[in-house]
**Student:** 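First, the structure itself, so that you have it in front of you.
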Protein chains: 4
Amino acid sequence: MMDCPDLPKRGPGRPRSDATRCAILKAAYELLEEAGMAGFTIEGVADRSGSAKTTIYRWWPSRGVLASDAMLSHYQTEYPDPHSSSAVADLRGVMHHMAEAMSGPQGRVLAGLIAEAQSCSGTEDAIMANLITRRRELGRSIMERAIAGGQVRPDISIDTALDALFGPLFYRLMLNRMPFEPGWIDQLAEMVLQGIAAGPAPGAAAGTLRQR
Amino acid sequence: MMDCPDLPKRGPGRPRSDATRCAILKAAYELLEEAGMAGFTIEGVADRSGSAKTTIYRWWPSRGVLASDAMLSHYQTEYPDPHSSSAVADLRGVMHHMAEAMSGPQGRVLAGLIAEAQSCSGTEDAIMANLITRRRELGRSIMERAIAGGQVRPDISIDTALDALFGPLFYRLMLNRMPFEPGWIDQLAEMVLQGIAAGPAPGAAAGTLRQR
Amino acid sequence: MMDCPDLPKRGPGRPRSDATRCAILKAAYELLEEAGMAGFTIEGVADRSGSAKTTIYRWWPSRGVLASDAMLSHYQTEYPDPHSSSAVADLRGVMHHMAEAMSGPQGRVLAGLIAEAQSCSGTEDAIMANLITRRRELGRSIMERAIAGGQVRPDISIDTALDALFGPLFYRLMLNRMPFEPGWIDQLAEMVLQGIAAGPAPGAAAGTLRQR
Amino acid sequence: MMDCPDLPKRGPGRPRSDATRCAILKAAYELLEEAGMAGFTIEGVADRSGSAKTTIYRWWPSRGVLASDAMLSHYQTEYPDPHSSSAVADLRGVMHHMAEAMSGPQGRVLAGLIAEAQSCSGTEDAIMANLITRRRELGRSIMERAIAGGQVRPDISIDTALDALFGPLFYRLMLNRMPFEPGWIDQLAEMVLQGIAAGPAPGAAAGTLRQR
DNA sequence: TAGTAAACGAGACGGTACGTCATGTCTTTAT
DNA sequence: ATAAAGACATGACGTACCGTCTCGTTTACTA
């Protein structure tokens, strides 16, 4: 009676080969793991995947975007909102999860992607959309819960607080490049969360600090 | 009677030309400003400086190190320890100074250098030695002063605290890429410094937070 | 009652679109004029004609053959046998006509086609059949008339004589690439035609020449 | 006492490697023989010669010029002016020599070069300078001798006469593509040379022919 | 006053990857 | 069956830099 107008209406022309798409992503991922972003070449992916460079260029505008997609297609470990009884514990959970993701090979690749993003806006958009913003939004919603629950002072800027929580992780990923010990993360979280905690007598200390 | 053993003993052979060294650094700096790290090539520097590629390779092991040196030779704005009456205010001063240095073109170059460092250990060493560690050590000494002065709790890890203070700056430099508003930095500093402040009753809140 | 058996019996399926065929030939011709054989591409013709590459490949085996067809469909100026009173004058007329056809853009295209024919036998066959042999046969029949009429010695090889008459035209088309002045053609024709003329006393000179 | 000022003064910089130059020309020649002009690729030459594409592009502007050079470096068979007692016999000798050179693989390569020249002016210049003009000048000087010796009419255009002699050879090389039988060349030569011979009674026949 | 040793310019060289172009084949929907 | 659309593997293109090399020249120190 009615044709489905929301189905992906397909025009003429040979449809995109999903096998090829997957082969490219798989090869890209493997190359990333083996050689890192430095040795990640479109030609290399083409060779390894058995597809043509042109095919890759048709669907991915730059190597950074391809690498980002390849990462995503393998580690689509959506970290679910824990929604435990304590919002601050949830925040800490997010940080631990990020640190875990930054450890091991994926971490080096992520660092390489962020590096690539410095000179390629396509890559920047891709990693922001796929890897950065997503977790930040999760953090934001937990933070809002923490404020609503009275665990965090309501007068802080949520964005700034998220910067304070997540910034050090990336800092260490790209500059200090040491393993992420759980203790370090707990200390970090404690510092910041205590700084924004809705405490009984924050006034005195804050006043002291606020002076310049 | 004795020749000065601490003077740079020079052997035979033509001595290194300082004019060439400067011309290379100047050209490198200009190229960095104009084209960013992405367009920064050894060949480009050689052309622009009128020197030979070989000469550059003789003295600098990689483009990242050269770029780092070029930056340093132009912005050697050593930020002196303010040593004001308030150590926490001094810390905030360091952060403001870093944010200022990260704004404008130097910031983009610094981001490019950190990017380069992800795949070139020479560059990593160079920027750590010249651009990162220096300020961190400054921060460390101020922090020790703050602890000694009773403004910061003595049981924290100084390294972790410095991560918490500096990390967000680099995070924003490389990922959020927005201008550094002074207000944002103040908020950041306040959050962390309050979190590590030697307050009257930190126990209760911390206890709450520490639970998982 | 009866279907016409001499009409082009049509099988099942959609008949070939003549509009498409013409559009392709037209586009091909235009592209040839604009870009010469060097810029003549199947893809270009497909784009310009609005047809699909597949359609072109279905009907033409190679770009050379297509170009040949395109030329033919636009310049089908069949040069009729003049059949004047003098056969040698007719031969000269054929040469003038060829020179005229070789001048202007068609000449460049013809040169391009001959070039293409060096590496593509399909093109070779096409231009031989359509552009070369036709005129040669015309030349041959006139030459036979000239022999029959006693204007040309009957003991010569007609093929060789035609080579001598036509060869220089192609030589100039492809190598000397100067304009074809009528005077030059007349001189050429005179040299050869006099050399094969049934003259009163050719013996002496020929004898001289024949010695090695 | 004096330094030789006429020696090839060498500027600074690493001198061009003759071994590389030769390896490239050798590989180019072999590829030409094997695959003809159609399969003659810069990449192919680079692979086979073990040199880099860039090196080839540094010294040769296009594949046509490279092919031309490669041919020349292998067949530098300068045909010497025979200077026999009979100038017309010498002319015939030149034609035979050209026909010989056009037979076999070199002929196909020459045809390919002329084809390439249709769309590449660099190639055109190269083959004109190296392969065409040289023989033509030889032909011209013999022809002048023939005129001076009274064997050829002095009122003809030498250029046109050379077109008449050489044109058919190239015509056959590129279009008729049959083997060059010696008899055919002799017939050709006889036709033209007789047409321009300083004969006893050319008037009558020429008059007949000259009419239109 | 040589001789030697290193710095320096110039530029050739073998490479790698780039991003683009055209090829000819294929798979699909629409006539 | 024919046509348009467009995906695909292939292979060469010409370019940009890479890092190394081989030169001739310059500029010191040293024997």
**Student:** Looking only at heavy atoms, which two atoms of A/G64 and A/L113 are closest? And how far apart?
**Tutor:**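 Looking at all heavy atoms of both residues, the shortest contact is O-CD2, 3.6 Å.
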**Student:** Is it possible for you to check whether B/R21 lies under 6.0 Å from the centre of the six-membered ring of B/W59, through NZ or CZ, and within 45° of that ring's axis?
**Tutor:**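 No, B/R21 does not sit over the ring of B/W59.
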**Student:** B/R108: what forms a side chain to side chain donor-acceptor pair (under 3.5 Å) with it, not counting sequence neighbours?
**Tutor:**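 Per chain and number, B/R108 pairs via side chain to side chain donor-acceptor pair (under 3.5 Å) with A/Q118.
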**Student:** Side chain to side chain donor-acceptor pair (under 3.5 Å) with A/E124: which residues, sequence neighbours excluded?
**Tutor:**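 Listed in chain order: B/R177.
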**Student:** Which residues pass the side chain to side chain donor-acceptor pair (under 3.5 Å) test with C/S62, not counting sequence neighbours?
**Tutor:**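 Here no residue qualifies.
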**Student:** Check each residue of residues 110-122 of chain C for a non-hydrogen atom within less than 4.0 Å of any atom in DNA chain E, then write out the ones that pass by number, or none.
**Tutor:**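 Going residue by residue through residues 110-122 of chain C, none turns out to have a heavy atom under 4.0 Å of DNA chain E.
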**Student:** Which donor-acceptor pairs under 3.5 Å do the side chains of residues 51-58 of chain C make with protein atoms, sequence neighbours left out?
**Tutor:**
unit_1: C/S51; atom_1: OG; unit_2: C/S49; atom_2: OG; d: 2.6
unit_1: C/K53; atom_1: NZ; unit_2: C/E43; atom_2: OE2; d: 2.9

**Student:** Locate the shortest heavy-atom distance separating B/A27 from B/V45; write the atom from each residue and the value.
**Tutor:**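 Shortest heavy-atom separation between B/A27 and B/V45 comes out as CB-O, 4.1 Å.
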**Student:** Under 4.0 Å from any atom of DNA chain E, heavy atoms only: list the residues of residues 29-41 of chain D that qualify, in numerical order.
**Tutor:**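 Those residues whose heavy atoms fall under 4.0 Å from DNA chain E, taken from residues 29-41 of chain D, amount to none.
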**Student:** Got a sec, which pairs hit ring-ring contact (aromatic ring centres under 6.0 Å, His included) with one end in residues 22-51 of chain B, sequence neighbours left out?
**Tutor:**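 Checked against ring-ring contact (aromatic ring centres under 6.0 Å, His included) - neighbours excluded - the pairs reaching residues 22-51 of chain B are B/Y29-B/H74, B/Y29-B/Y75.
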**Student:** When the C1' atoms of the five terminal pairs at each end define the local axes, what inter-axis angle does the helix from E/dT1-F/dA31 to E/dT31-F/dA1 show, to 10 degrees?
**Tutor:**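 Comparing the axis at each end, I get an angle of 10°.
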**Student:** Could you pull out the closest heavy-atom pair between A/E33 and A/P105, with the gap in Å?
**Tutor:**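 Smallest heavy-atom distance, with atoms named: OE2-CB, 3.5 Å.
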**Student:** What residues form a side chain to side chain contact (heavy atoms under 4.5 Å, CB included) with D/E34, not counting sequence neighbours?
**Tutor:**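 Checked D/E34 against side chain to side chain contact (heavy atoms under 4.5 Å, CB included); matches are D/R48.
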**Student:** Both B/I24 and D/T20 contact DNA chain E. Which one's nearest nucleotide lies toward the 5' end?
**Tutor:**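 Here B/I24 is the residue nearer the 5' end.
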**Student:** Between the side-chain atoms of A/R14 and the base atoms of E/dC26, is any donor-acceptor pair under 3.5 Å?
**Tutor:**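 Yes, a donor-acceptor pair under 3.5 Å.
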**Student:** For DNA chain E, what residues of residues 42-65 of chain C have any heavy atom nearer than 4.0 Å?
**Tutor:**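 Close to the strand are C/I42, C/E43, C/K53, C/T54, C/Y57.
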**Student:** By the salt bridge (charged side-chain N to carboxylate O under 4.0 Å, His left out) test, which pairs, at least two apart or in different chains, include something from residues 112-123 of chain B?
**Tutor:**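 Listed by first then second residue: B/R63-B/E116.
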**Student:** Could I get the full list of side chain to side chain donor-acceptor pair (under 3.5 Å) partners for D/T20, not counting sequence neighbours?
**Tutor:**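 If we apply the side chain to side chain donor-acceptor pair (under 3.5 Å) test to D/T20, skipping adjacent residues, the hits are D/S17.
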**Student:** Between C/R21 and A/D18, who's closer to the 5' end of DNA chain F by nearest nucleotide?
**Tutor:**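 Mapping each residue to its closest nucleotide by heavy atoms, the 5'-most match is C/R21.
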**Student:** From D/I127 CD1 over to D/L110 CG, what is the distance, rounded to the nearest 0.5 angstrom?
**Tutor:**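 With rounding to 0.5 Å, CD1 (D/I127) is 7.0 Å from CG (D/L110).
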